[in-house]
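Side-chain atoms are counted along with the backbone in the values below, which use heavy atoms only and exclude waters and symmetry mates. We're numbering straight along the sequence, starting at 1. Read the numbers this way: they start at 1 and go in the same order the structure lists the ligands and their atoms.
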Amino acid sequence: MLIVMRTDATAKEIERVVEVISELGFRGHPLPGAQRTAIGVTGNQGAVEATRFENLPGVAEVIRVSKPYKLITLDLKPEKTIVKVGDAQIGSDELAIIAGPCAIESHEQAFAVAAAVRQSGAKFFRGGAFKPRTSPYSFQGLGEAALEILAEVRAAYGLKIVTEALDEAGVDLVERYGDMIQIGARNMQNFSLLRRAGRSSLPVLLKRGLSATLEEWLLAAEYIMSEGNYNVVLCERGVRTFVQHTRNTLDLAAVPAVQRISHLPVIVDPSHGTGKNHLVGPLARAAVAVGADGLMIEVHNRPEIALSDSAQSLTLEQYDVLIDEVRLIHNVVAPVPAI
Ligand code: PEP
Ligand code: MN
């Protein structure tokens, strides 16, 4: 159920509706929009009697929701959500760039890459402390030591830190050192992790699962939002298909497809999406052309000796050229008109 408040509804009236929702044993999620606030109701198993709300002061309309989504949907909030990460934003008119190495390997490596990322004008620095590797014998990340390096990067360059939490304890650590919690493809349906991230005050970057449908991905975002964290950014990073020429198949159609359903920002990761250095640039450019709100790019000061994802990492020089290109494209296509 979706309760649409009148445009002139007061904060008190909105509060009262949320209270009544709680008294009935459900949870109300007020999402203010440009025109009006709508309140999503979750926690109900069956239908809730609309008449309970229709006559409350400030209520314009009560809408039954027949779709599986309650909170990610444009029905609740017709305007795009801008996720604020400190003074940086994702989903605004500015193309968001999240760049950095696959994994933090050393202080020297992190700082060499961060200097270039900062220089490019990007606002976000990525780098894994805990790496979800296919083999238990591969480099697993430096753990908390990497988070300490990331915190130093943040202090030195003012970049916002985006880093992955593999489990609930990892969220505690990212909260201590970082600015945005990344939930990786392999964890997209780790429901206890999603709920924990939903109780965090940090924004969440939710990557699409290796074989997730659009609906499964959006419902994973619902898990986070249903716990009260509405700052979710979706990240398309390719899905597993039969093809051999790329690591994953980057599904760029997912960007406009998500935008037709959801107010959440959606960014693209052409690094994991292709797995190959020479494909990252072309797919990054295409991602911006289809209307992505940002890019996640892996870049390394010495890709040839990177401890993970060496083949897809851009050199600092390649990265620099690419950022100029995607900004030019973004200036041409943004803002994407609503269809
Ligand atoms: C990553 O961004 O470092 C990563 C492991 O990505 P994904 O979860 O998309 O594989
Ligand atoms: Mn990687």
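- Annotation: R6, atom CZ; neighbour count of heavy atoms from other residues, nucleotides and ligands within 6.0 Å does not exceed 12.
- Here the N, O or S atom of D309 that is nearest to the Mn ion (ligand 2) is OD2.
- D309 and H272 are linked by a side-chain donor-acceptor pair at a separation below 3.5 angstrom, with hydrogens and angles left out of the test.
- With the Mn ion (ligand 2) at the apex, H272 NE2 and C102 SG define an angle of roughly 170° (rounded to 10 degrees).
- When side chains are defined from C-beta on, I149 does not count as touching Q109, because their heavy atoms never get closer than 4.5 Å.
- With hydrogens and angles left out, the side-chain atoms of S200 and E175 include a donor and acceptor closer than 3.5 Å.
- For a heavy-atom separation below 4.0 Å, the residues in contact with ligand 1 are R126, K131, P132, E164, Q182, G184, A185, R186, K207, R237, H272, E298.
- When each of V266, N248, V239, V268 is checked for a side chain to side chain contact (heavy atoms under 4.5 Å, CB included) with R208, only V239 meets the rule.
- Closest approach of A257 to L214, counting heavy atoms only: CB-CD2, 3.8 Å.
- As for E298, its N/O/S atom nearest the Mn ion (ligand 2) is the one called OE2.
- Using a 4.5 Å heavy-atom threshold, the side chains of E94 and K123 count as touching.
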